[in-house]
Amino acid sequence: MVNVEGRNPVIEALRAGRRIEKIFVLHSAHGGAIDEIYKLAKKRNVRIEKVDNNQLDSMAGSHAHQGVIAVAEEIKYWDIDDLIKYAKKESDEPLLILLDELKDPHNFGSILRTVDAAGAQGVIIPNRRSVSFTPVVAKSSAGAIEYVPVAQVTNLSRTIDKLKDAGFWIGGADIDAKQTCYQANLKGALGLVIGSEGSGMRRLVKEKCDFLLRLPMKGHVDSLNASVAAGILIYETVRQREE
């Protein structure tokens, strides 16, 4: 069992049907979100226990529990073959986001939120040297963690080969790419690779990409936060497909 922390994450966990053992609520907490938690918990027959802030602080991993922590079953990762089948079934132009050793849980959570909002089909992460599901990720995703399929794979380079065999083109975000995201063709079945904070994609992963693309940078800084860059690239993909 794991902690789900924060009002919206707990509400979405309840709505998504995740098994919840118990919900701890600050005895003085109130408002519309708290009322919704009580209503959904009653409907799901989930027990709520009122506690003080010290107890919640001692349980919290995100330091942003907002007076609510649920003890719930862990979210399971998807099998990569199942995710590919699901993506192709869901869309004629499926979009999967590959995160190459992303470390920051806030970035991961924000990317999950964007993937859900944009209607992309899922996310792929390596199982080593990479962020995974944590209370901070769940909080940062604002509940999107409940809905976005995530596959955790042993080898990202081999996974790219598997995606290519399934008909996906692979584009990699790289600061030194010759073409911008606005010049690149982002239509069709696409796997979009976002590198780690600071160092970007690993060499072997970059070499596996069919093409590279970058964001046009016109200011004094030479890069953007990984989740911001991912959001721009994902929505440029959406824009091209709606032309």
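These values consider heavy atoms only, across backbone and side chains, with no hydrogens, waters or symmetry-generated copies.
Summarising the geometry, atom OH belonging to Y38 is positioned 9.0 Å from atom CD1 belonging to I23; distances are rounded to the nearest 0.5 Å. Distance check, rounded to the nearest 0.5 Å: CD of Q66 to CG of L56 gives 11.5 Å. How far CD1 of I80 is from OG1 of T154: 11.0 Å, rounded to the nearest 0.5 Å. The CZ atom of R19 lies 11.0 Å from the CD atom of E74; values are rounded to the nearest 0.5 Å. To the nearest 0.5 Å, atoms CD (E73) and CD1 (I20) are separated by 9.0 Å. Within the model, atoms NE2 of H30 and CG of D35 stand 9.5 Å from one another, a figure rounded to the nearest 0.5 Å.
The closest side-chain heavy-atom distance from V51 to I69 is not below 4.5 Å. Annotation: side chain of L212 is not in contact with side chain of K178 (no heavy-atom distance under 4.5 Å). Between S130 and F108 there is no side-chain heavy-atom pair separated by less than 4.5 Å. Annotation: side chain of I125 is not in contact with side chain of L102 (no heavy-atom distance under 4.5 Å). Contact check for N3 versus V71: side-chain heavy atoms found under the 4.5 Å cut-off. Taking the side chain as every heavy atom from C-beta outward, I11 and I37 approach each other to under 4.5 Å. Between L233 and I194 the shortest side-chain heavy-atom distance falls below 4.5 Å. Within the 4.5 Å cutoff, side-chain heavy atoms of F211 are placed close to those of L186.
Counting non-hydrogen atoms of other residues, nucleotides and ligands closer than 6.0 Å to CG of D92 gives a total of 12 or fewer. A 6.0 Å sphere centred on NZ of K162 holds no more than 12 heavy atoms belonging to other residues, nucleotides or ligands. Within a 6.0 Å sphere centred on CH2 of W169, other residues, nucleotides and ligands contribute 12 heavy atoms or fewer.
Residues passing the side-chain contact (heavy atoms from CB on, under 4.5 Å) test with R158 are N155, sequence neighbours excluded. Take E93 and apply the side-chain hydrogen bond (donor to acceptor under 3.5 Å, both in side chains) test, not counting sequence neighbours, and it matches no residue.
Distance alone, capped at 3.5 Å, places no donor-acceptor pair between the E21 side chain and the A72 backbone. Without hydrogens or angle criteria, R18 side chain to E12 main chain gives no donor-acceptor distance under 3.5 Å. Within the 3.5 Å criterion, the main-chain N or O of N107 finds no donor-acceptor partner in the side chain of S110. Looking at R7, its side chain never comes within 3.5 Å of a backbone N or O of V68 through a donor-acceptor pair. A donor-acceptor pair under 3.5 Å is absent between the side-chain atoms of E197 and the main chain of N225, judged by distance alone. When atom types are taken as modelled, the side chain of K208 and the backbone of T159 share no donor-acceptor pair closer than 3.5 angstrom.
Under the 4.5 Å side-chain contact rule for hydrophobic residues, L99 and I145 share a cluster. A continuous path of ILVMFWY side-chain contacts below 4.5 Å connects F24 to L26, so both sit in one hydrophobic cluster. Both V150 and L192 are assigned to one and the same hydrophobic cluster, defined by single-linkage of ILVMFWY side chains at heavy-atom distances under 4.5 Å. Linking Ile, Leu, Val, Met, Phe, Trp and Tyr whenever their side-chain heavy atoms come within less than 4.5 Å leaves L112 and V2 in two separate clusters. Side-chain heavy atoms closer than 4.5 Å link hydrophobic residues (I, L, V, M, F, W, Y) into clusters, and following such links, possibly through other members, connects Y182 to I234.
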### Task
Could you go through the side-chain contact (heavy atoms from CB on, under 4.5 Å) check for Q121 and L96 one step at a time?
CA-CA 6 Å; Q121 279 63 55; L96 295 174; 4.0 Å; yes
### Query
Under the salt bridge (charged side-chain N to carboxylate O under 4.0 Å, His left out) criterion, do K206 and D100 qualify, and how do the steps go?
CA-CA 10 Å; K206 185 188 293 190; D100 186 19; over 6 Å; no
### Message
Using the rule given for side-chain contact (heavy atoms from CB on, under 4.5 Å), can you reason through K76 versus F133, listing the C-alpha separation, both sets of side-chain angles and the distance that settles it, and then say yes or no?
### Response
CA-CA 9 Å; K76 292 180 173 57; F133 289 149; over 6 Å; no
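Nearest heavy atom pair, residue Q183 against residue T180, reads OE1-N, 2.8 Å. Listed here is the closest heavy atom pair of V4 and V10: O-CG2, 3.5 Å. The minimum heavy-atom distance between A41 and I48, with the atom names listed, is CB-CD1, 3.7 Å. Considering every non-hydrogen atom in both E146 and A16, the closest pair reads CB-CB, 3.8 Å. Closest non-hydrogen pair, V137 versus S132, comes out as CG2-O, 3.4 Å. Nearest heavy-atom pair, E5 versus P135, reported as atom, atom and distance to 0.1 Å: OE2-CB, 3.6 Å.
Between E101 and R129 there is a salt bridge, with a side-chain nitrogen of the basic residue lying less than 4.0 Å from a carboxylate oxygen of the acidic one.
Sorted by first and then second residue, the side-chain hydrogen bond (donor to acceptor under 3.5 Å, both in side chains) pairs with a member in residues 230-241 read E236-R239, E236-Q240, R239-E243; sequence neighbours excluded.
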